[in-house]
Amino acid sequence: MLHVEDNHLLTRTNAGTPMGDLFRRYWIPALKSDELVADGNTVRIRLLGEDLVAFRDSEGKVGLLDEKCPHRGTSMALGINDGCGLTCIYHGWKFDTNGTCTDLPSEPAGSNFKNNMKIKAYPVEERNGIIWTYMGPKEDRPPMPNFYWMGLPDHQLLSERVWQECNYLQVMENDVDYVHAAFLHKALSKQALKQGILSSDLGIDPDHPLCKNPPVRQEVESTIYGKRCLAEGAGEGDQNVFLEIHYIFPFYTYPPRMEGEDGMFHIFVPRDDYSTWSWDVQFSHKGPIDAQAQHDRRGLVLDEHFRKQRNKENFYEQDRALMRVGNFSGIRGIANQDHAVTEMMGPIVDRSIEHLGTSDMPIIQMRRMMLQTVKDFMNGKEIPKPHELPLEKLFSCGKSAPKGKTLQEVIPLAEEFAPFARK
C-alpha cells in the first residue's frame, strides 16, 4: 500500500506540482514526425496538463506552442500555417516556431507592440521519426539521452502512440510486473509466430518463459539509471530462464524479452493526471522489423485522436467464449489487454487500499525510488541524468542457462550502470 499523501505526490504532474516540475526536466516524445507536414494541418497535443499546438513550417521546422493565442486566448490550432509561421485567424497575429511574433496587423504600422509579444514555445528535436520536446527551465535543458534503439536504422523500428485513459503511474507499474503476463497475456494453446515475434493478438504461448512458471523468483537491483528487475523461472530440461526489465527514470522502460526476440521500449508521458500518452517503440536487433506482425499482435485500432476503438465503453470487446478456447482474458491484442486492466482501475487508483504480495517487489521498489527522487528534487538535490549515461548499451535480453546459476551470473549488470559508477 501507499499513503494517500505519497500517492498524490507521485500521480499529480501538472505544472507547479513537484512531480510535474521534475518531469519537465526530461525529454519527452510529443508526436510522430509524419503527423506534421510543411505548411500542413496543425495538431493539438496535451502534455503534462498543458494544451499545445504543433505545426511544421515552410522550411520543415517544427513548432510546439501554447494553444491559446496571447491576444484574446482563442485556439492557435485554427491558425493558418504558411510563410514560416502560424497566424491566428481571429486578428492575424503570427508567430514562428520559436514563439516570436512576426506579424501583428491589427496594430498601427509604427507600433512597437509586436517586438514585446511572444507566445510560449517549447524546444523540439526529431529522432527516429519521433518529435521530442523539453518543457522545463531553459537553463536546465539537458542533451537528449541516447537510447539503444536510436542507433538502429528506420527499417528496424516501429513506433506507435496511444491515448490511455488513466494515470501514467498505473500504466508504468504494469510494465515492471512480471507475473501478470502468465495470466492476462496467456494464450491457451501454442501460436504460429514468425521469427522474433513474442505473441499473437491472442497472447503469449503457454510454454513461453513469461507464462510457464508463475510466480517467478525475483530480485530488484538499484542502478544509476533507475531499477533493474530480474526474474528466474523454469526452462526446458536442466535449464532455467533468466529475464530482466529496465526502468529508466523517470518514465522509460524496457519490458522483458528473450534472446532472439524483437525488443520493446516504452515511454509513459502524462497527458494530464487522468490520462497518458503510451508510446511503444518496437525494434529488431538485426534486419527489417515485421511491422505488420508487431502491429497486429498489439491489436491497437485507433481513431484520428489516437484513442482506442476497443475501450471501456465496449468493454474492450471482451469475448467470454474466447476465454474458454483462445486466451485467459477474452480480449484480443496484447496492448488492449494491458489497457483494459489499468484503465478499469479508474483514472487514479487508490494505492492506500492495496494488498501487495511478494510478486509485487518491482512495483514496490520503483515507487520507493520515485518517491525518494521527487523528495530529493524538492530539497534541491541532484536528480538522475540519463543523458550522461551510456544508454546505447542497454536493452532487455533474457537468456537460458543451467540450473544453479544466479541471475547475476547469467545476465550481469554492466559495471558502468552499477551505483558506484556515478562517483
Side-chain angles (χ1 to χ4, degrees), residues 24 26-48 50-67 76-77 79-86 95-99 120-136 141-164 251-252 262-271 276-284 288-292 294-295 298 300-307 335 386-387 391-392:
R24 283 166 172 78
Y26 295 87
W27 283 92
I28 63 176
L31 310 101
K32 293 188 65 178
S33 293
D34 60 13
E35 293 180 54
L36 299 178
V37 177
D39 288 342
N41 292 343
T42 60
V43 174
R44 302 172 74 197
I45 184 74
R46 187 168 174 84
L47 297 172
L48 298 172
E50 295 188 35
D51 292 315
L52 307 171
V53 60
F55 68 102
R56 192 182 297 277
D57 75 6
S58 310
E59 297 177 347
K61 293 187 293 185
V62 173
L64 187 63
L65 311 180
D66 188 343
E67 185 181 347
M76 292 296 294
I80 301 166
N81 178 19
D82 68 2
C84 288
L86 191 61
F95 300 90
D96 65 15
T97 57
N98 297 315
K120 180 166 62 177
Y122 288 121
V124 298
E125 289 193 24
E126 291 193 68
R127 294 273 191 92
N128 304 93
I130 298 174
I131 298 168
W132 298 71
T133 188
Y134 171 76
M135 300 174 66
R141 176 180 168 181
M144 279 275 294
N146 187 27
F147 298 112
Y148 165 80
W149 53 271
M150 288 180 168
L152 299 175
D154 289 345
H155 68 269
Q156 291 178 221
L157 298 173
L158 169 66
S159 62
E160 297 180 286
R161 74 175 173 105
V162 57
W163 180 333
Q164 197 158 344
F251 36 54
Y252 315 113
D262 289 351
M264 171 75 86
F265 181 81
H266 279 149
I267 314 161
F268 302 114
V269 179
R271 182 179 174 275
T276 304
W277 288 118
S278 293
W279 282 83
D280 301 331
V281 180
Q282 300 178 75
F283 53 91
S284 168
I289 192 167
D290 190 331
Q292 190 62 52
Q294 291 288 9
H295 175 77
R298 301 285 291 158
L300 292 172
V301 181
L302 309 179
D303 66 16
E304 67 274 20
H305 303 296
F306 297 90
R307 303 183 87 158
H387 62 277
L391 294 177
E392 68 275 7

Are Thr133 and Leu52 side-chain neighbours, meaning at least one heavy-atom pair lies under 4.5 Å? no
Say whether, by atom type as modelled, one donor and one acceptor occur between the side chain of Arg141 and the main chain of Pro123 under 3.5 angstrom. no
Whether His266 and Phe268 hold their rings parallel, tilted or perpendicular, with breakpoints at 30° and 60°: tilted
Residue pair Leu48 / Ile28, side-chain heavy-atom distance below 4.5 Å: yes
Residue among Ile131, Ile267, Leu47, Asn128 satisfying side-chain contact (heavy atoms from CB on, under 4.5 Å) with Pro29: Ile267
Ion pair Glu160/Arg298, N-O distance below 4.0 Å: no
Please report the C-alpha distance between Asp262 and Asp290 in whole Å, then the side-chain angles of each, then the deciding distance to 0.1 Å, and finally whether the side chain to side chain contact (heavy atoms under 4.5 Å, CB included) criterion is met. CA-CA 9 Å; Asp262 289 351; Asp290 190 331; 5.7 Å; no
Verify whether one side chain among Gln156 and Ser284 offers a donor that lies under 3.5 Å from an acceptor in the other. no
Are the ring centres of Phe283 and Phe265 closer than 6.0 Å? no
Any side-chain to backbone donor/acceptor pair from Asn146 onto Glu392? Under 3.5 Å, distance only. no
If every non-hydrogen atom of Asp57 is compared with every non-hydrogen atom of Asn81, which pair is closest and at what distance? CA-OD1, 4.0 Å
Salt bridge present between Glu50 and Arg24 (N-O < 4.0 angstrom): yes
For Thr97 and Lys61, which heavy atoms make the closest approach, and how far apart are they? CG2-O, 3.8 Å
Verdict with supporting geometry, Glu126 and Val62, side chain to side chain contact (heavy atoms under 4.5 Å, CB included): CA-CA 9 Å; Glu126 291 193 68; Val62 173; 3.5 Å; yes
Check whether Arg161 reaches the backbone of Trp279 with its side chain - one donor and one acceptor, N or O, closer than 3.5 Å. no
Donor-acceptor check, side chain of Ser58 to backbone of Cys84, threshold 3.5 angstrom: yes or no? yes
Side chain to side chain contact (heavy atoms under 4.5 Å, CB included) evaluation trace for Arg127 with Met144: CA-CA 9 Å; Arg127 294 273 191 92; Met144 279 275 294; 3.7 Å; yes
Taking Asp66's backbone N and O only, do any of them form a donor-acceptor pair with Asp51's side chain (distance below 3.5 Å, no angle check)? no
Taking all heavy atoms of Val53 and all of Ala77, pick out the closest pair and write down the distance. CG2-CA, 3.6 Å
On the 0 to 90° scale, with breaks at 30° and 60°, tag the Tyr26-Phe251 ring pair as parallel, tilted or perpendicular. perpendicular
For Asp82, I'd like to know if atom CG has over 12 heavy atoms of other residues, nucleotides or ligands within 6.0 Å. yes
Closest heavy-atom pair, Ala54 versus Leu31, reported as atoms and distance to 0.1 Å, is CB-CD1, 3.7 Å
Less than 4.5 Å apart, side chain to side chain, heavy atoms only: is that true for Arg271 and Thr276? no
Ring centroids only, cut at 6.0 angstrom: are Phe306 and Trp163 within range, meaning strictly under it? no
Once you round to the nearest 0.5 Å, how far does CD1 of Ile289 lie from NE2 of His295? 12.5 Å
Main-chain N/O of Lys32 paired to Glu35 side chain as donor or acceptor, under 3.5 Å: yes
Show, in sequence, the C-alpha distance, side-chain angles and deciding distance for Ile45 and Leu64, and conclude whether the side chain to side chain contact (heavy atoms under 4.5 Å, CB included) test is met. CA-CA 9 Å; Ile45 184 74; Leu64 187 63; 3.8 Å; yes
Contact check, side chains of Met264 and Val281, non-hydrogen atoms, under 4.5 Å: no
Which atom of Gln164 lies closest to which atom of Ser278, heavy atoms considered: OE1-OG, 2.6 Å
In terms of relative ring orientation, are Trp27 and Tyr134 parallel, tilted or perpendicular, with 30° and 60° separating the classes? tilted
With heavy-atom distances below 4.5 Å as the criterion, would you say the side chains of Tyr148 and Leu391 are in contact? no
